[in-house]
Amino acid sequence: MINRGRFSLFAQNDTEYSARTLDLVSRSTVIDMLGLLTLDYRKLCAWEADPGCFQRADFLRLKESGITVFHPAVGYTSGDIYAASLRDITGWNAFIAAREPQFLRVEEAGDFERAKALGRIGIVIGQQNSEHFRTVEDVDRFHLLGQRVSQLTYLSNRIGGGSPEPNRGLTEYGAAIIERMNSVGVAVDVSHCSDRTTLDAIEASRKPVLVTHSNCRALVPCSARCKTDEAIKRMAARGGVMGVTMVRVFVRAGGHATIEDVLNHIDHVVKLAGVEHVGLGSDVDLDGRDRSAHSSRKFDLDGIDYATKIFDLTEGLVRRNYSSQSIELILGGNFKRALSAAWTRA
């Protein structure tokens, strides 16, 4: 439906978008650096066990989201973490291979545009906890399996500190892991790392360091998971990018939380470090986290349909007078650049 240059795209959603928003999403290579195909892990396990369970309707829904490339990383923190991580990556490889006309494993710089040109959904394989690197040689093994991003810590581990322990820094072993990741081409992610480990990792890495999914502590002072201004500026100075998340607790400390508050975090990073250093790491699927009507804790933003979050975000950036070039960088160009640099073997 068209109304004075406004377009309503989805039958289940009467929100209207500008022609400029639709054009920007259509032509951009949109990268969600913590984009989850589904938070229903039973469904995901069924897809991986039997890729035939993944229906055309599932594919079309993902395509209609406007996202070109997903980074659907999870973090294993207990039990046999090595085996669980290996099983997860093996499962993704089997699923992508079985659904090749629809999916593409993104493992080198050219694959971003290849996925876009072919109309496929790109998958960047990653992990949210690097405890599966039992030795530095394991970095090589998982790189060969297709892993291209690894968050150093989910909670504190042999590598360094997690966000609940802000003063715990990078260990000698952690520095060796970063050096091997730099050498083979696995991007370093510090989203869950402590303040000290975040700064140490940025200093230790020869390649750009990513914050795939976090927000600005200046706007949510009570959250140790959000990054300090110092960390954001140091990350940017070394070529890194921060993906802004849409999980309510990291968006606003309390009260009404909407897409406008997400945009405030983007504005803050831009003012601190420049538009070249911010992107999207939504940390949510197309349905949101508030699945249970009995849950007392809200994770989702107010007034948002997560299936159309890319369009809502883009419309907001247009409304805040970002240039088309800047919006394309935020939607994916910045992460494409940083990942390409991190994946260059050296």
Side-chain angles (χ1 to χ4, degrees), residues 1-11 13 15-37 59-72 101-124 148 210 212 241-244 246 259 262-263 265-267 269-270 274-282 284-286 304-341 343:
M1 296 179 62
I2 305 174
N3 180 21
R4 296 180 183 177
R6 307 286 295 178
F7 296 77
S8 180
L9 293 181
F10 304 96
N13 185 334
T15 303
E16 294 180 342
Y17 301 100
S18 66
R20 184 178 169 209
T21 288
L22 301 185
D23 178 62
L24 281 164
V25 174
S26 175
R27 74 183 193 223
S28 297
T29 299
V30 180
I31 302 171
D32 189 343
M33 277 306 292
L34 197 58
L36 306 167
L37 271 63
F59 173 72
L60 292 176
R61 189 162 187 253
L62 293 170
K63 285 286 292 180
E64 288 169 358
S65 73
I67 301 169
T68 314
V69 176
F70 292 77
H71 171 231
Q102 297 170 323
F103 288 87
L104 175 72
R105 190 175 77 184
V106 175
E107 52 187 311
E108 60 185 21
D111 288 337
F112 292 109
E113 294 312 317
R114 185 169 167 234
K116 182 76 173 176
L118 293 173
R120 296 185 190 180
I121 293 169
I123 300 292
V124 175
R148 290 297 181 270
L210 310 180
T212 60
V241 178
M242 185 166 98
V244 168
M246 293 184 173
I259 194 70
V262 175
L263 292 163
H265 286 272
I266 292 176
D267 287 348
V269 178
V270 170
V275 74
E276 300 84 5
H277 301 286
V278 65
L280 176 66
S282 68
V284 68
D285 63 4
L286 304 186
I304 191 169
D305 179 351
Y306 280 104
T308 61
K309 59 182 180 279
I310 299 302
F311 297 91
D312 294 336
L313 184 76
T314 305
E315 187 81 358
L317 293 169
V318 168
R319 193 165 54 245
R320 294 197 180 196
N321 297 315
Y322 281 86
S323 70
S324 294
Q325 182 181 15
S326 292
I327 293 172
E328 288 186 72
L329 290 177
I330 294 166
L331 290 179
N334 289 332
F335 270 125
K336 177 185 170 185
R337 181 198 70 246
L339 286 166
S340 297
W343 293 344

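Excluded from the calculations below are hydrogen atoms, water molecules and symmetry mates; all remaining heavy atoms, backbone and side chain alike, are included. All of these numbers come straight from a predicted model, not from anything done at the bench.
- Electrostatic pairing of Asp312 and Lys309 does not count as a salt bridge here, judged by no charged N lying under 4.0 Å from a carboxylate O.
- When atom types are taken as modelled, the side chain of Asp285 and the backbone of Leu36 share no donor-acceptor pair closer than 3.5 angstrom.
- Residues Ile266 and Leu317 have side chains in contact (heavy-atom distance under 4.5 Å, counting atoms from C-beta outward).
- Asp32 places a side-chain N or O within donor-acceptor distance of the main-chain N or O of Ser282, the cut-off being under 3.5 Å.
- Here Leu331 contributes atom CG and Lys336 contributes atom NZ; the two are 13.0 Å apart, rounded to the nearest 0.5 Å.
- Under a 3.5 Å cut-off, the side chain of Arg114 and the backbone N or O of Leu104 do not form any donor-acceptor pair.
- Note that the CG atom of Leu118 and the CG atom of Asp111 stand 9.5 Å from one another [nearest 0.5 Å].
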Could you give me the CA-CA distance, side-chain angles and deciding distance for Leu24 and Tyr322, then say whether side-chain contact (heavy atoms from CB on, under 4.5 Å) is met? CA-CA 12 Å; Leu24 281 164; Tyr322 281 86; over 6 Å; no
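- Between atom CZ of residue Arg27 and atom CD of residue Glu328 there is a gap of 4.0 Å, rounded to the nearest 0.5 Å.
- Scored by the side chain to side chain contact (heavy atoms under 4.5 Å, CB included) test, Lys116 finds Thr29, Thr68, Glu113 as partners (sequence neighbours excluded).
- Tyr306 places a side-chain N or O within 3.5 Å of a backbone atom of Met246 that can act as its donor or acceptor partner.
- Asn334 and Val275 get closest at one heavy-atom pair: ND2-O, 2.7 Å.
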Val106 and His71: CA distance, side-chain angles, deciding distance, side-chain contact (heavy atoms from CB on, under 4.5 Å) verdict: CA-CA 9 Å; Val106 175; His71 171 231; over 6 Å; no
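- The minimum heavy-atom distance between Leu286 and Ser65, with the atom names listed, is CD2-CB, 3.8 Å.
- Put simply, CD on Glu107 and CZ on Arg148 are 5.0 Å apart, with the number rounded to the nearest 0.5 Å.
- Minimum interatomic distance between Val124 and Pro72 (heavy atoms only, all atoms of both residues): O-CD, 3.4 Å.
- Although no hydrogens or angles enter the test, the distance criterion places a donor-acceptor pair under 3.5 Å between the side chain of Lys63 and the main chain of Gly119.
- Heavy-atom minimum distance, Glu64 versus Phe311: O-CE1, 3.5 Å.
- Taking every heavy atom of both residues into account, Phe335 and Met242 meet most closely at CZ-C, 4.0 Å.
- Phe112 and Trp343 have parallel rings, their planes meeting at less than 30° on a 0 to 90° scale where 60° marks the start of perpendicular.
- The main-chain N or O of Val25 is never found under 3.5 Å from a side-chain atom of Ser28 such that the two would form a donor-acceptor pair.
- If you take CZ on Arg319 and OG1 on Thr314, they are separated by 11.0 Å, rounding to the nearest 0.5 Å.
- The side chain to side chain contact (heavy atoms under 4.5 Å, CB included) with Met33 is formed by just one residue from the set Val244, Leu210, Val241, Leu280; it is Leu210.
- Under the 4.5 Å side-chain criterion, counting only non-hydrogen atoms from C-beta, Val262 is in contact with Ile259.
- For the atom pair OG (Ser340) and CD (Glu108), the distance works out to 10.0 Å, reported to the nearest 0.5 Å.
- Under the 3.5 Å distance criterion, the side-chain polar atoms of Ser26 are left unmatched by any main-chain donor or acceptor of Leu22.
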